[in-house]
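Quick note: numbers below take in every heavy atom, side chains included, and nothing from hydrogens, waters or symmetry partners. This is a predicted model, so every value here is computed, not measured.
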Amino acid sequence: MGGDDTDDLIESVRSVCYVSAGIYLLRLITDGTRLKAQAAFILKLVFAVVFASAVIKGCREFSLPEIGGYEVSDYSAAAEVYRNEVAHKAADNISDILYSQLKAAGIDIKEIKTEVNISEDGSIDISRVIISSADPAAAEELIRKSLGQETEVINGTDRKS
């Protein structure tokens, strides 16, 4: 609040006080006369105008700080956590679907794990599928039919990690 704002506020408060004092004095003078109601009405009207002008002037000069003035926090860590969670959930969903397909085809599957990556544009890339199955060749064939021939399928029983 600058000096002009403070001066305007003081002037507005001073005006409201003068009008309030005027209403009080007029009530004292007109008490018991026929002009009491008319004088009180006119002074209340003047008071309302003065008060409203002070409020309107204050509202006109009121402004909120610009949002651009504040530094926007770096949300890249939150975006990374979100992308990782989406990738994890997508991998779980794909694994569940593949597990159901393999079971429906009569292929015994012990474990299936899908690894996915989520790109910046939100597309899902299936990196690889790791399976533990008694018949890995049949499982690999069915997975490649479902996800595409370029899908890397690894037999998890052969892998040591």
Quiz item: Going from CZ on R83 to CG on N117, what distance comes out if it is rounded to the nearest 0.5 angstrom?
Solution: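 Rounded to the nearest 0.5 Å, the CZ-CG separation comes to 10.5 Å.
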
Practice problem: Can you measure from CD (E111) to OG (S132) and round to the nearest 0.5 angstrom? | Solution: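 Separation between the atoms: 5.0 Å.
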
Self-check item: Considering all heavy atoms, the nearest A105-L142 contact
Solution: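 Looking at all heavy atoms of both residues, the closest pair is CB-CD1, 3.9 Å.
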
Practice problem: Determine which pairs satisfy salt bridge (Lys or Arg N to Asp or Glu O under 4.0 Å) with at least one residue from residues 95-107, sequence neighbours left out, and list them in order. | Solution: K103-D108

Quiz item: What do the steps show when you test V153 against I131 for side-chain contact (heavy atoms from CB on, under 4.5 Å), and what is the final call?
Solution: CA-CA 7 Å; V153 181; I131 58 169; 4.1 Å; yes

Practice problem: For S100, enumerate each residue passing the side-chain contact (heavy atoms from CB on, under 4.5 Å) test, keeping only those at least two apart in sequence or located in another chain. | Solution: none

Are [X] and [Y] side-chain neighbours, meaning at least one heavy-atom pair lies under 4.5 Å?
X    : Y    : result
I112 : I130 : no
R128 : T151 : no
V129 : L98  : yes

Quiz item: Going hydrophobic residue to hydrophobic residue with side-chain gaps under 4.5 angstrom, can you get from I118 over to Y82?
Solution: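 Yes; Y82 is reachable from I118 via cluster members.
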
Quiz item: In the single-linkage hydrophobic clustering (I, L, V, M, F, W, Y; side-chain heavy atoms under 4.5 Å), do L147 and I124 co-cluster?
Solution: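 Yes, same cluster.
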
Quiz item: Just checking, is any N or O donor in the side chain of D135 or S133 under 3.5 Å from an acceptor N or O on the other one?
Solution: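 No.
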
Quiz item: R144: what forms a side chain to side chain donor-acceptor pair (under 3.5 Å) with it, not counting sequence neighbours?
Solution: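 Checked R144 against side chain to side chain donor-acceptor pair (under 3.5 Å); matches are E140.
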
Practice problem: With sequence neighbours excluded, tell me which residues meet side chain to side chain donor-acceptor pair (under 3.5 Å) with Q101. | Solution: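 Here the qualifying residues are S146.
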
Quiz item: Would a distance-only check, ignoring hydrogens and angles, find a side-chain to backbone donor-acceptor pair under 3.5 Å from T114 to I94?
Solution: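 Pair absent, no side-chain N/O of T114 close to backbone of I94.
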
For residues 84-92, please give each side-chain donor-acceptor pair under 3.5 Å, one per line with the distance, not counting sequence neighbours.
| from | atom 1 | to | atom 2 | distance (Å) |
| --- | --- | --- | --- | --- |
| N84 | ND2 | E80 | O | 3.3 |
| H88 | NE2 | D92 | OD2 | 3.2 |

Self-check item: Which residues share a salt bridge (charged side-chain N to carboxylate O under 4.0 Å, His left out) with E141, sequence neighbours left out
Solution: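 Scan of E141 (salt bridge (charged side-chain N to carboxylate O under 4.0 Å, His left out), adjacent residues dropped) gives K145.
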
